[in-house]
**Student:** 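Below is a structure I'd like to ask you about.
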Amino acid sequence: MKINMLPPLHQSIFKSPVGDLKLQASVAGLTHLQVIDKDSSAANYSFSSEIKAATGADISQAKQWIEQAIHELEEYFSGQRVHFDVPLAAKGTEFQQQVWQALVDLPFGKVCSYGDIANKIERPRAVRAVGAANGANPIAIIVPCHRVIGKNGTLTGYAYGLEMKQFLLNLESR
């Protein structure tokens, strides 16, 4: 994953076992993966002027990243994939990027605490900041923030609810 200021150029909705997922990508890779609230109008979107000025080749590349991500998500949910290969291009600070990369590096089916991540990125006193970066993760599931649990081993908050978090952890523990 790298810091990338390119705007998303393509978007798609994927119906998954955890609900509808909205995926967005730039020419560099996947920029967002979010669960759409059933009552939300998040499926509706309008593109900025940068997207309107994008070339057809750039939009085509972004579409390919989304197609790859959807294929990999289908394999993940069917139990056939334990690692994602789609390029990631999430926009974030250097610190956020470090935290997200630590999450990506966390082995499939393993869990950790915010403190574990803080230690991994060599910032042991930044536990709260790690929690904030984890909460700001724009690429759910693929950047597996659901694998972060409490220091005492209990489930902690998750942007999409503890039920979804438990579902994903159960899926990965098979």
Side-chain angles (χ1 to χ4, degrees), residues 1-37 40 42-110 112 117 120-121 123 129-148 158-160 164-165 168 171-172:
M1 188 180 321
K2 60 185 174 185
I3 295 175
N4 189 326
M5 301 312 229
L6 298 175
L9 298 177
H10 190 71
Q11 172 170 290
S12 187
I13 305 298
F14 170 63
K15 294 190 179 302
S16 81
V18 294
D20 290 349
L21 304 178
K22 180 172 78 170
L23 294 91
Q24 294 179 314
S26 72
V27 69
L30 196 67
T31 61
H32 297 83
L33 190 164
Q34 301 163 307
V35 179
I36 300 174
D37 183 345
S40 170
N44 300 325
Y45 60 92
S46 62
F47 286 125
S48 68
S49 59
E50 292 100 342
I51 293 170
K52 292 175 185 164
T55 68
D58 288 349
I59 292 170
S60 178
Q61 181 61 67
K63 184 177 180 183
Q64 287 178 5
W65 295 139
I66 289 177
E67 289 169 355
Q68 180 180 344
I70 289 172
H71 176 74
E72 291 180 9
L73 285 163
E74 288 171 339
E75 291 178 340
Y76 169 80
F77 284 118
S78 70
Q80 299 171 349
R81 177 171 287 273
V82 298
H83 175 77
F84 291 93
D85 297 315
V86 66
L88 304 178
K91 182 179 171 182
T93 67
E94 184 177 338
F95 180 79
Q96 288 172 326
Q97 295 286 332
Q98 290 174 341
V99 170
W100 300 336
Q101 186 60 54
L103 290 169
V104 168
D105 293 343
L106 188 62
F108 182 85
K110 301 293 182 192
C112 68
I117 294 173
K120 181 172 181 163
I121 65 170
R123 303 277 302 269
V130 165
N134 193 58
N137 172 19
I139 304 177
I141 303 169
I142 293 175
V143 177
C145 54
H146 61 275
R147 294 181 189 156
V148 179
Y158 183 60
Y160 301 111
M164 180 176 159
K165 183 174 191 162
L168 294 171
L171 175 75
E172 293 182 6

**Student:** Counting C-beta onward and ignoring hydrogens, is there a side-chain heavy-atom pair between Ile141 and Met164 closer than 4.5 Å?
**Tutor:** yes

**Student:** Rounded to the nearest 0.5 Å, what separation is found between the CD atom of Gln96 and the NZ atom of Lys91?
**Tutor:**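 So the gap between those two atoms works out to 10.5 Å.
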
**Student:** Can you name the nearest heavy-atom pair linking Trp100 to Ala133, along with the distance?
**Tutor:** NE1-O, 2.9 Å

**Student:** With distance as the sole test, does Ser78 use its side chain to make a donor-acceptor pair with the main-chain N or O of Glu74 at under 3.5 Å?
**Tutor:**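 Indeed, once roles are kept as given, a pair shorter than 3.5 Å links the two residues.
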
**Student:** Please walk me through it: do Phe14 and Leu33 pass side-chain contact (heavy atoms from CB on, under 4.5 Å)?
**Tutor:** CA-CA 10 Å; Phe14 170 63; Leu33 190 164; over 6 Å; no

**Student:** In Å, rounded to the nearest 0.5 Å, how long is the span from CD of Gln34 to CG of Asn137?
**Tutor:** 10.0 Å

**Student:** Drop me the distance from Gln24's CD to His32's NE2, to the nearest 0.5 angstrom.
**Tutor:**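 With rounding to 0.5 Å, CD (Gln24) is 5.5 Å from NE2 (His32).
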
**Student:** Take Asp85 and Gln68 through the test side-chain contact (heavy atoms from CB on, under 4.5 Å) and record every step on the way to the result.
**Tutor:** CA-CA 9 Å; Asp85 297 315; Gln68 180 180 344; 4.0 Å; yes

**Student:** Could you please spell out the steps behind the side-chain contact (heavy atoms from CB on, under 4.5 Å) verdict for Arg147 and Ile117?
**Tutor:** CA-CA 11 Å; Arg147 294 181 189 156; Ile117 294 173; over 6 Å; no

**Student:** Which atoms form the tightest heavy-atom contact between Val104 and Ile142, and what is the distance?
**Tutor:**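 Here Val104 and Ile142 meet closest at CG2-O, 4.4 Å.
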
**Student:** Assess whether atom CZ of Arg81 is packed by more than 12 heavy atoms of other residues, nucleotides or ligands within 6.0 Å.
**Tutor:** yes

**Student:** For the residue pair Leu21 and Val18, what are the closest heavy atoms and their distance?
**Tutor:**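 Reported closest heavy-atom pair: CD2-CG2, 4.1 Å.
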
**Student:** So Asp105 and Lys120, do their side chains get closer than 4.5 Å, heavy atoms only?
**Tutor:**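 Sidechains of Asp105 and Lys120: in contact.
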
**Student:** Would you kindly say whether His71 and Glu67 are connected by a side-chain donor-acceptor distance under 3.5 Å?
**Tutor:**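 No.
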
**Student:** Test your reading of the model: is there a side-chain donor-acceptor pair from Glu72 to the backbone of Val86, 3.5 Å cut-off?
**Tutor:**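 Yes: the side chain of Glu72 pairs with the backbone of Val86.
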
**Student:** Classify the ring geometry of Phe108 against Tyr76: parallel below 30°, tilted from 30° to 60°, perpendicular beyond 60°.
**Tutor:**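 Plane angle over 60°, so perpendicular.
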
**Student:** Could you go through the side-chain contact (heavy atoms from CB on, under 4.5 Å) check for Phe95 and Val130 one step at a time?
**Tutor:** CA-CA 8 Å; Phe95 180 79; Val130 165; 3.9 Å; yes

**Student:** What's the separation between atom CG in Leu73 and atom CZ in Phe84, rounded to the nearest 0.5 Å?
**Tutor:**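 Going from CG on Leu73 over to CZ on Phe84, the span is 5.0 Å.
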
**Student:** Which heavy-atom pair separates Pro144 from Leu103 by the least distance, and what is that distance?
**Tutor:**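 Closest approach of Pro144 to Leu103, heavy atoms only: CG-O, 3.2 Å.
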
**Student:** State the OG-CD1 distance between Ser26 and Ile66, to the nearest 0.5 angstrom.
**Tutor:**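 With rounding to 0.5 Å, OG (Ser26) is 9.5 Å from CD1 (Ile66).
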
**Student:** How long is the gap from OG on Ser12 to NZ on Lys63, to the nearest 0.5 Å?
**Tutor:** 8.5 Å

**Student:** So, do Pro87 and Leu30 sit near enough that their side-chain heavy atoms are less than 4.5 Å apart?
**Tutor:**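 Heavy-atom side-chain distance check fails, nothing below 4.5 Å.
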
**Student:** For Gln97 and Gly92, which heavy atoms make the closest approach, and how far apart are they?
**Tutor:** NE2-N, 3.4 Å

**Student:** Phe77 and Leu171: which non-hydrogen atoms are nearest, and at how many Å?
**Tutor:** O-CD1, 3.7 Å

